[in-house]
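Inspection log for the structure reproduced underneath, given as C-alpha cells.
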Amino acid sequence: MSISRRSVRILGVASASAALALGFAGNALACNISEFSAEATCDGSNGVITVTDKDASATEATITVFLENNGSDAKQIGEAQTVKGSAKGEIVTFAENWQPNATYRVHVKASNKVDEDITPSLTTPSKACETESPSPTPSETSPAPSDSATPPAESDTPTPSATESSSTAPATTTDNAPSPAAGSSNLAETGANSNTGMIAGIAGALVVVGGGAVYFGMRRRGAANGR
C-alpha cells in the first residue's frame, strides 16, 4: 500500500509540531537566572539578606553573596549556601547587619545551566533596622522603699514625755536631799534642844539675885540713916 505525498506531509508537520512543543517544554523547565531574586530585610533589629529560588526544575544552585565597594568585592557574607528551587519559591538567608544604601553582589551557580550574578545588584534600603531599646527595670520606675522608711514598732512601755521627765526630776532630788522646808524644820528642832533655855534660866536667877542685893542694900542704907 503506497503512502501518498499528502500523508507524508501531514506526518512531517505533526512531528515538527511535537518537537517544537517538547523544545518549549524543555526550555520552560530549565533553570534560569531570572528565577532568582534577592532582598535586604530586617529580622527584628538584625539585618538579613534573603535569596529566593523559583526554579521549577528544582536544579540545585549555590548562592554566594558579596559586599561591594566601588564596584569590587569588599568581603564575602557568610558561607555559600545551596538551594533547590520550586514553583512556589525556596528561600536561603544570610545574616548581615547591612548599612543603608549598601550594594551587594549575589552570584548563582546551578550545574552547567547558570553561572552568573542576579541583576541588577542588590541595594539596601535607605533606613537601617531599628535597634530595640531595653525595657526599664522595676527599680528605675518605682524604687523599693528603704528599711529606714518603715515606721518603728510601737513599744508596750510608753516613753515619758518631756513634761513628765521635768516633773519627776525634782521628786528624785527630794528623796536624796532635804528640801528647804525640811531644813527649816530641822533648824527649829535644833533650837529647841540647844542651851537657850538654860541661858534664860541663869539670866532670871541673876535678875532675882540682883533684885535681892538692891533690896538689902536699901535696908542697910535706911538703918544707917535711922542712927
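- Taking NZ of Lys127 as the reference point, atom CD of Glu130 lies at 4.5 Å (rounded to 0.5 Å).
- Considering every non-hydrogen atom in both Cys31 and Ala110, the closest pair reads SG-CB, 3.7 Å.
- Gly44 approaches Cys129 most closely through the heavy-atom pair O-CB, 4.4 Å.
- Contact record, Val48 with Ala95: CG1-CA, 4.3 Å, taken as the closest heavy-atom pair.
- Summarising the geometry, atom CD belonging to Gln99 is positioned 13.0 Å from atom OG belonging to Ser126; distances are rounded to the nearest 0.5 Å.
- Counting heavy atoms from C-beta outward, Phe66 and Ile77 have side chains that stay 4.5 Å or more apart.
- The line from CD of Glu60 to NZ of Lys84 is 5.5 Å long, rounded to the nearest 0.5 Å.
- With a 4.5 Å cut-off on side-chain heavy atoms, Ile63 and Val83 count as touching.
- In plain terms, the two heavy atoms of Asp53 and Gly85 that are nearest each other are OD2-N, 3.0 Å.
- Within the 4.5 Å cutoff, side-chain heavy atoms of Lys113 are placed close to those of Thr59.
- Here the straight-line distance linking atom CD1 of Ile91 with atom CD of Glu39 works out to 9.0 Å at 0.5 Å rounding.
- Nearest heavy-atom pair across Gly47 and Asn97 is N-OD1, 3.2 Å.
- Of the listed residues (Ile118, Thr64, Thr119), just one forms a side chain to side chain contact (heavy atoms under 4.5 Å, CB included) with Val106, and that residue is Ile118.
- Taking the side chain as every heavy atom from C-beta outward, Val108 and Asp117 never approach each other to under 4.5 Å.
- Contact of the Thr50 side chain with the Phe94 side chain is not registered, since no non-hydrogen atoms from C-beta on lie closer than 4.5 Å.
- The line from NZ of Lys75 to CD of Glu68 is 12.5 Å long, rounded to the nearest 0.5 Å.
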Next on the checklist: One pair to check against side-chain contact (heavy atoms from CB on, under 4.5 Å): His107 and Thr62. What are the steps and the verdict?
Outcome noted: CA-CA 8 Å; His107 186 78; Thr62 302; over 6 Å; no
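- Between Arg105 and Asp73 there is a side-chain heavy-atom pair separated by less than 4.5 Å.
- Distance check: Leu122 CG to Ile49 CD1 gives 5.5 Å after rounding to the nearest 0.5 Å.
- Counting heavy atoms from C-beta outward, Trp98 and Cys42 have side chains that approach closer than 4.5 Å.
- In this structure, Pro100 and Thr124 approach most closely via the heavy-atom pair C-OG1, 3.5 Å.
- For Lys109, the NZ atom is densely surrounded, since the number of other residues' heavy atoms within 6.0 Å is greater than 12.
- Using a 4.5 Å cut-off on side-chain heavy atoms (C-beta onward), Thr123 and Tyr104 make no contact.
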